[in-house]
Protein chains: 2
Amino acid sequence: MNSEHRTARSADSTGPAVRGARERARSEITAAIKDEARRQLAAAGAAKLSLRAVARELGMVSSALYRYFPSRDELLTALIVDAYDSVGAAAETAARTGGDPLARWGAVCAAVRAWALEHPHEYALIYGSPVPGYAAPQVTVEPASRVGLALVGVARDALDGPGAAPPGLPDGLRPEAERMAADLAPGLPPELVASLVAAWSQLFGLISFEVFGQFHRVVEDRDAFFAHAADRLGREAGILPSAVGSGSVAGSGRPVTGSGRPVAGSG
Amino acid sequence: MNSEHRTARSADSTGPAVRGARERARSEITAAIKDEARRQLAAAGAAKLSLRAVARELGMVSSALYRYFPSRDELLTALIVDAYDSVGAAAETAARTGGDPLARWGAVCAAVRAWALEHPHEYALIYGSPVPGYAAPQVTVEPASRVGLALVGVARDALDGPGAAPPGLPDGLRPEAERMAADLAPGLPPELVASLVAAWSQLFGLISFEVFGQFHRVVEDRDAFFAHAADRLGREAGILPSAVGSGSVAGSGRPVTGSGRPVAGSG
DNA sequence: TCCGGTGCAAGAGCAGTGCTCTCGTTGTTG
DNA sequence: CAACAACGAGAGCACTGCTCTTGCACCGGA
């Protein structure tokens, strides 16, 4: 560890440290702590993340670490926010790819899946069981919504093109669907929003089962299985490929998102 | 792996107990340990489950507990197996209810959801992120399959009645679907099995998001939302209500599983 | 230039954890 | 009855999150 980095020897002539060397060191050390914590997270999982081990690896003493994160939970919160932002950014990037709405839908799903498979422990941190006695603080709600909003964005664009009306709502669900539409995606039809929320959670069902090992000895060709399932998820939510022909819609629809390979590679 | 428990035969008249007091005490204490562990699990979650606390609560010393469970992971494994069996039994009971296949499908889904909401920490134990460095041993795979098999059972019965052909498979998925059908549900058409596996994982996506708090400020009327989503899950897998009319299938289908209330109560 | 406030690292310490080992005791078996 | 295996108790090790105190280094104001 670089302890005396940038000692800021009273260099008032040019003033390289506009905010003072102290703040600079602080942000650097904070980042180093998060990096090392992320490394341990990836190596052993959230439950085995140890403040003392992080400090030890960084050459500090454990108590010094409390100057930067008041508790282990606060460190975990920081990692959670970062993870949400990371997967959210991946989803948003995939949503910006070209192609018809259904292809973009598949790209977003595949990007989230690829991120989850690359960062299983971070995925478990945010989409697995909530950590020990941990209650997600308010800071996490906005980053947590980015994937969902990316899906909503694709659906919104699909609405401009030839969209298929999503299936109708039972009477009992209509008020709730209208409330969801107003809160989450103003302007979108309630049926579509209800379908989107369901598809959103079901997408993470697919991904969680794969990441958490429930598909062990059940699904082998997981790329193909996921591509097909994600494609159907989009279709059933009312997102259609722009092939306006409207001839064979659901019959033998081949996933546009590439057959058998994760689409994330293209994003 | 039982020890030689069959030996206690000489006690014809003097026997303090039929099977020997020791074995009796052993099974009783084992059960007591699991009970207390389950209580702590429900109170604070898996990560906070402490062998010492369990022993303390039972009036033993922590080292004595190792006579019954060689490690904390072994205790967790026992709890995991019990949890799988518990939710599996709930699903199987729901699958045995009367009604048309789609109603039974909805009953199974609702029963699993109800179990999850009643035992959130046990649910997290089996469907959340895998615990610390824990790798599920072989003992868990059979109990873990009971919910899936209950769904398969409903689908199999639906096949006798008027079933709707599930959507076709892309060419890339056909071999995998045939393998899954052969392994998991011999005799069922591959398209149906592939749909069932997807629906199975997506069902747990719905439940996990609700249990783990992802629906916070997103879905409010969760009973209605879940009933509708589960109903659609079944329909899209090709399970139809026995109302053979085949007139309005997906249009304004009102969930048969009761609108707005968890169906588990009827099972 | 000195001086006091402040951020910071280090260390000791507390209460808790999983787990191992030893040592008597006690039920079971030959 | 005697040998044996299972058992409970206790001490102990290495580890954890977290707190508190102490002393050093910086940094702005006089």
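Residue numbering restarts at 1 for every chain, and letters A, B, ... go by the order of the sequence lines. On a predicted model such as this, the values are computed, not experimentally measured, just so you know.
Taking B/L149 as the reference, B/S145 meet the side chain to side chain contact (heavy atoms under 4.5 Å, CB included) condition, with sequence neighbours excluded. Considering only residues two or more places apart in sequence or on other chains, B/S63 meets the side-chain hydrogen bond (donor to acceptor under 3.5 Å, both in side chains) condition with none of them. When the side chain to side chain contact (heavy atoms under 4.5 Å, CB included) test is applied to A/R56, the partners found at least two apart in sequence or on another chain are A/R52, A/A53. By the side-chain hydrogen bond (donor to acceptor under 3.5 Å, both in side chains) test, A/Y127 pairs with no residue at all, sequence neighbours left out. By the side-chain hydrogen bond (donor to acceptor under 3.5 Å, both in side chains) test, B/E122 pairs with no residue at all, sequence neighbours left out. Evaluation of the side chain to side chain contact (heavy atoms under 4.5 Å, CB included) rule for B/R67 yields no partner, not counting sequence neighbours. Residues passing the side-chain hydrogen bond (donor to acceptor under 3.5 Å, both in side chains) test with B/R96, sequence neighbours excluded: none.
Under a 3.5 Å cut-off, the side chain of A/W115 and the backbone N or O of A/G88 do not form any donor-acceptor pair. A donor-acceptor pair under 3.5 Å links the side-chain atoms of B/R222 to the main chain of B/F215, judged by distance alone.
B/L65 comes within 4.0 angstrom of nothing in the nucleic acid, heavy atoms only. Among the heavy atoms of the strands, none lies under 4.0 Å from A/F69.
Atoms CG (A/L51) and C1' (D/dC18) sit 9 Å apart, rounded to a whole Å. When rounded to the nearest whole Å, the span between CD of B/E28 and C1' of D/dA6 equals 17 Å. If you measure from atom CG of B/L49 to atom C1' of C/dG16, you get 15 Å, rounded to the nearest angstrom. The OH-C1' distance, from B/Y66 to C/dT17, rounds to 9 Å in whole Å. Taking atom CZ of B/R72 as the reference point, atom P of D/dC15 lies 18 Å away to the nearest angstrom.
Heavy atoms only, all atoms of each residue included: B/Q40 and B/V54 are closest at NE2-N, 3.3 Å. Contact detail for A/S62 and A/A55: the closest heavy-atom pair is CA-CB, 3.7 Å.
One axis for each end of the helix from C/dT1-D/dA30 to C/dG30-D/dC1, each built from five base pairs, and the angle between them comes to 10° at 10° resolution.
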Can you check nucleotides 12-15 of chain C for protein contacts, nitrogen or oxygen pairs under 3.5 Å, and list what you find?
unit_1 : atom_1 : unit_2 : atom_2 : d
C/dG13 : O6     : A/R52  : NH2    : 3.4

Check nucleotides 22-26 of chain C for protein N or O atoms closer than 3.5 Å to its own N or O atoms and list the pairs.
unit_1 : atom_1 : unit_2 : atom_2 : d
C/dT26 : O2     : B/R22  : NH2    : 3.1

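Out of C/dA9, D/dT16, C/dC19, the shortest distance to the side chain of B/S71 is found at C/dC19.
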Atom pairs and distances, donor-acceptor, side-chain atoms in residues 198-209 of chain A, under 3.5 Å, two or more places apart:
unit_1 : atom_1 : unit_2 : atom_2 : d
A/S201 : OG     : A/A198 : O      : 3.0
A/S208 : OG     : A/Y123 : OH     : 2.7
A/S208 : OG     : A/F204 : O      : 2.8

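For DNA chain D, the neighbouring residues in residues 53-61 of chain B, judged by any heavy atom under 4.0 Å, are B/M60, B/V61.
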